[in-house]
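Working notes, beginning with the structure itself.
Only a predicted model underlies this, so the values are computations on that prediction, with no experimental measurement involved. For the numbers below, each heavy atom of this structure counts, side chains included, while hydrogens, waters and symmetry mates do not. Below, chains carry the letters A, B, ... as their sequence lines are ordered, and counting in each starts from 1.
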Protein chains: 2
Amino acid sequence: MDLRHISFRLLEVFMCVVKTRSISETARQLHLTQPTVSQQIKRLQETVNEPLIVVNQQRIHITEAGFALFQTCQQVFGHFDDYQDYLVELRGGERGRCKIAIVNTAQYILPKLLGPYSNLHPHVELPLEIGNRAEVLARFERGEDDIYVFSHPPSLEHAKAGRFLQNPLVFIAPMNHPLAKSSHVTLHDLMTERFLLREPGSATRMLFESELQSRGFVLSDTVQMASNEAIRVAVGSGMGLGVVSRHVLPAHDKSFCMLNVVDVQLASHWYFVVRTDRHLSHAARNFLRFAELNLEQCLDKEWVTNELHTLNHSLTMKT
Amino acid sequence: MDLRHISFRLLEVFMCVVKTRSISETARQLHLTQPTVSQQIKRLQETVNEPLIVVNQQRIHITEAGFALFQTCQQVFGHFDDYQDYLVELRGGERGRCKIAIVNTAQYILPKLLGPYSNLHPHVELPLEIGNRAEVLARFERGEDDIYVFSHPPSLEHAKAGRFLQNPLVFIAPMNHPLAKSSHVTLHDLMTERFLLREPGSATRMLFESELQSRGFVLSDTVQMASNEAIRVAVGSGMGLGVVSRHVLPAHDKSFCMLNVVDVQLASHWYFVVRTDRHLSHAARNFLRFAELNLEQCLDKEWVTNELHTLNHSLTMKT
DNA sequence: CCATCATATAGGTTTTTATCTATGAGGTGG
DNA sequence: CCACCTCATAGATAAAAACCTATATGATGG
């Protein structure tokens with residue numbers, strides 16, 4: 001018996017014959033002609049190489065082999081029904097996977113969205129990749145994830161981005177720093193300080209440096225550090241000043257303070273970025289819709305810049 | 001998703017792709033060309049209406065939906081494998097059903113074959129129908145069973161028969177009958193007796209009556225009884241004489257005796273009869289082969305007339 | 001006995017399927 | 001950078017599947 005040339009249609013017809021015990025009735029139910037059904041059954045019997053039904057006095061008896069096949073079919077169709085149900089869940093976003101890759105700094109904000117979402121959809125897997133800008137960019141290039149979070153999204157033509165949160169940068173200094181209490185610090189005042197900065201290419205640093213450049217300043221002393229935490233702690237212990245995202249700062253840490261730099265307003269935005277040249281999982285689409293509707297509840301309203309509607313709309317447009 | 005136009009071949013290809021994570025490798029393994037496989041997968045994705053694999057940097061990732069389908073396929077193929085195994089058992093005669101219809105008198109002998117056979121093949125169903133000749137003949141006409149047991153098989157052209165046992169008829173009389181002790185009873189001596197006989201048409205009666213007719217005798221007094229037991233008991237209680245199959249008589253019943261009728265030898269044979277115009281179940285074929293090999297062990301050797309070889313041979317010839 | 005119903009067979013048509021070859025686009029590894 | 005892979009696409013074809021109509025055969029039920 002060679003399964004290969006059996007189609008599900010054939011089994012469907014066979015099952016109907018077994019159920020109705022009638023070729024003609026099957027033909028009527030499946031909108032076929034009687035000879036078609038006769039022939040299909042014949043072919044099935046030939047592939048199975050075993051009689052499945054026996055016709056006697058216009059009555060149809062199902063043979064042992066026939067009944068066993070019928071049961072097999074029931075199981076098989078059962079599995080496919082289950083799969084259908086699974087697909088429905090998948091499409092509804094109740095199940096599935098949404099891989100997200102974010103840059104380091106975003107780890108202070110994204111979990112506030114992921115938590116509620118995950119509670120709502122416990123069957124959705126949400127693997128989260130965290131890396132520095134270069135690493136996440138590389139993942140993006142290779143299309144390894146469904147959603148990426150950047151400030152300064154990469155400007156490839158096959159990418160779509162949507163802003164959702166302001167990312168204000170602040171200057172931090174040790175508590176005992178001379179300018180700590182000042183309410184009128186200028187950029188110029190800081191140029192002789194040592195700055196602790198993330199690696200070149202990090203959005204925070206890029207933003208800061210381009211501001212400096214446009215104003216004709218050059219930093220005299222910089223130290224590169226691999227994480228925001230390291231910078232925060234180093235600043236706290238007096239190693240220098242830092243420029244970090246406002247979101248990075250714990251609410252009640254008293255080892256450092258923000259400087260009131262009056263002549264510069266550094267701010268970028270966080271973006272959700274997706275590639276348009278590959279299929280986006282249902283779970284990912286669903287997450288973005290969730291984000292659009294729940295940003296205000298999950299994140300600090302003060303910074304929310306909900307521009308996800310456009311993104312979501314353009315995503316639902318194309319398949 | 002419309003299952004109807006999916007064939008097992010398609011799923012087979014898909015499963016191979018999932019296993020090898022490579023379109024080209026699948027093509028090699030299944031002796032197809034690479035575009036063929038690509039296209040098959042594409043078609044499958046279209047019917048499922050969901051991406052199943054994602055190609056990225058020449059690497060193939062299986063999507064959630066793809067993996068779920070793969071698992072579904074595994075189950076489905078598992079069920080068909082089970083069915084295959086089932087068929088093998090069926091064909092080997094280890095499993096299945098063999099419906100047998102026998103005339104009343106045969107119920108004294110057939111169980112001696114059925115018992116050992118059933119022990120050997122416990123998974124074979126052996127429903128046994130018992131009726132008088134007319135009833136069994138009707139079943140035979142309608143082809144309701146696999147095997148029939150007759151003495152005097154019906155002579156339809158689409159039937160095959162094989163003798164397997166002599167069916168000697170004996171005259172029985174009450175113990176106190178005047179001729180009981182005689183060693184030289186003749187047919188003529190019995191003509192004035194009352195005879196207890198089965199219904200007209202029963203093989204025993206037909207045989208007896210045709211013998212009488214050819215010798216020019218006519219019975220003066222007959223009573224019709226529906227079973228051999230009834231006759232036996234009635235004879236025992238002095239109601240008349242009987243002509244019954246030797247096999248019907250219990251070994252140690254002392255309420256009646258056999259008469260030594262010297263001028264007549266009534267004997268027919270038991271036949272297994274099958275129809276040649278319908279499929280014979282594997283179990284039935286197997287039972288007949290078993291009977292051929294085990295007649296002598298199961299039945300009284302004295303009466304065995306094993307002519308089943310010819311029957312079996314002609315059955316294995318045609319499908 | 002005849003009208004009716006169920007199934008089987010024969011023969012034909014239209015889609016589909018299962019393949020192929022040729023070719024192009026996009027990575028990978030020396 | 002080039003040879004070599006991987007996969008995708010287009011276009012073609014032969015086989016088969018999936019149907020149909022017409023017709024024959026055998027019960028069944030008044």
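The phosphate of dC20(C) has OP1 or OP2 within less than 4.0 Å of a side-chain N or O from Thr33(B). Applying the 4.0 Å criterion to OP1 and OP2 of dA18(D), one finds that Ser7(A) has a side-chain N or O inside that range. Distances shorter than 4.0 Å separate some side-chain N or O of His5(B) from OP1 or OP2 on dT17(C).
Atom CG in Leu3(B) sits roughly 13 Å away from atom P in dT17(C) (whole-Å rounding). Atom-to-atom, NE2 of His279(B) to P of dA8(C) comes out at 15 Å; the value is rounded to the nearest Å. Here dT17(C) presents its P atom at 14 Å from CG of Leu10(A), a figure rounded to the nearest Å. A straight line from CZ of Phe8(B) to P of dA18(C) spans 13 Å, rounded to a whole angstrom. In this structure, Ile6(A) places its CD1 atom 15 Å from C1' of dA18(D), rounding to the nearest Å. Separating the CG atom of Leu32(B) from the P atom of dT21(C) is a distance of 11 Å, rounded to the nearest angstrom. When rounded to the nearest whole Å, the span between CD of Gln34(B) and C1' of dA18(C) equals 15 Å.
Residues from residues 18-31 of chain B with heavy atoms under 4.0 angstrom of DNA chain D, sorted by number: Ser22(B), Ile23(B), Ser24(B), Arg28(B). DNA chain C is contacted by Pro35(A), Ser38(A), Gln39(A), Lys42(A), Val55(A), Gln58(A) of residues 35-59 of chain A, taking any non-hydrogen atom closer than 4.0 Å.
In this structure, the side chains of Ser38(A) and Gln40(A) stay at 4.5 Å or more apart for every pair of heavy atoms.
Aromatic pair Phe164(A)/Phe272(A): centroids less than 6.0 angstrom apart. For Tyr148(B) and Phe140(B), the distance between ring centers is under 6.0 angstrom. Aromatic rings of His79(A) and His79(B) (six-membered ring for Trp) have centroids within the 6.0 Å cut-off, being under it.
Note: Tyr86(B) and Tyr83(B) have parallel aromatic rings, judged against thresholds of 30 and 60 degrees for the angle between ring planes.
Note on Glu64(B) versus Arg95(A): no salt bridge recorded, every NZ/NE/NH1/NH2 to OD/OE distance being 4.0 Å or above. Between Arg205(B) and Glu199(B) no salt bridge is recorded (no basic side-chain N to carboxylate O distance below 4.0 Å). By the 4.0 Å N-to-carboxylate-O rule, Lys99(B) lies too far from Asp146(B) to be salt-bridged with it.
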